[in-house]
Amino acid sequence: MMGSVFGLTAGMSPEPLLKLVISETLKHNRSEGIKVSLSPLFTDQKGIIANFLNPHPYVFWLTIGTPIAFKAYETGLSTAILYFLSFYVFLIGSKIGIALIVEKSKSFLKNNAYVWIMRFLGATLIVFAAIMFYDGFKIIQNI
């Protein structure tokens, strides 16, 4: 169960490999996105670079993944195998799912309406950032 949850979370987390899955799907097609999704198992040149430079796997395996794997192994070898298997099935499966969703929504993502929605949302975030900066500056002045 933990492997599934961790795999799904890792697969959907905004990180370089997910960005590469989305960009390759948008540039080419879903099969290119799926190839990048499989890079944790079988990797190409782009997948190697994305995985090597991405701190997410290192942090996960050093802090959470490995201790849980050892705990699973204490229960039994089959539990440890199931942990790794479920982790990678959900990690890769979620990235493949995202590639398929992106392929289906490719026309919308390239549409001018989407571009203007993103610009509006970006401008809104800038306004909120300015308000928060102003509020923070006021708080600092009162200290």
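What you are looking at is a predicted structure, and each value in this text was computed from that prediction instead of being measured.
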Notebook entry, point to check: Any side-chain heavy-atom pair from Lys104 and Leu100 closer than 4.5 angstrom?
Noted result: no
Note to self: Within this structure, what is the CD1-CD1 distance for the pair Ile22 and Ile101, rounded to the nearest 0.5 Å?
What the structure shows: 9.5 Å
Item checked: Phe6 side chain reached by Ile64 side chain, heavy atoms, under 4.5 Å -> yes
Check: Are the side chain of Asn29 and the backbone of Glu32 linked by a donor-acceptor contact shorter than 3.5 Å?
Finding: yes
Check: Going only through I, L, V, M, F, W and Y residues with side-chain contacts under 4.5 Å, is there a path from Leu8 to Val102?
Finding: yes
Next item on the list: Take the angle between the ring planes of Phe87 and Phe60 and call it parallel below 30°, perpendicular above 60°, tilted in between.
Entry: parallel
Next item on the list: Of all the heavy-atom pairs spanning Ser94 and Gly11, show the shortest one and how long it is.
Entry: OG-CA, 3.1 Å
Next item on the list: State whether the side chain of Ser37 and the backbone N or O of Gly33 hold a donor-acceptor pair below 3.5 Å, judged by distance alone.
Entry: yes
Checklist line | Trp61 and Tyr83 aromatic ring geometry - parallel, tilted or perpendicular at 30°/60° bounds | finding: perpendicular
Notebook entry, point to check: If Ile, Leu, Val, Met, Phe, Trp and Tyr residues are connected whenever their side-chain heavy atoms lie under 4.5 Å apart, and connections chain through other members, are Val59 and Val5 in the same group?
Noted result: no
Notebook entry, point to check: What heavy-atom pair brings Pro14 and Leu18 nearest, and what distance separates the two atoms?
Noted result: CA-CD2, 4.2 Å
Next item on the list: To the nearest 0.5 angstrom, please state how far the NZ atom of Lys71 sits from the OG1 atom of Thr66.
Entry: 14.5 Å
Check: What heavy-atom pair brings Ala99 and Val21 nearest, and what distance separates the two atoms?
Finding: CB-CG1, 3.9 Å
Check: Which distance, rounded to the nearest 0.5 Å, do you find between the CD1 of Ile117 and the CG of Asn112?
Finding: 11.0 Å
Check: Going hydrophobic residue to hydrophobic residue with side-chain gaps under 4.5 angstrom, can you get from Val115 over to Leu26?
Finding: no
Notebook entry, point to check: Is there a path from Ile68 to Phe84 through hydrophobic residues (I, L, V, M, F, W, Y) whose side chains come within less than 4.5 Å of each other?
Noted result: yes
Notebook entry, point to check: Does Lys106 reach the main-chain N or O of Thr25 with its side chain, forming a donor-acceptor pair under 3.5 Å?
Noted result: yes
Check: Hey, does the side chain of Ser23 reach the backbone of Lys19 with a donor-acceptor pair shorter than 3.5 angstrom?
Finding: yes
Note to self: Enumerate the ring-ring contact (aromatic ring centres under 6.0 Å, His included) contacts for residues 98-121, please, sequence neighbours excluded, ordered by first and then second residue.
What the structure shows: Phe108-Tyr114
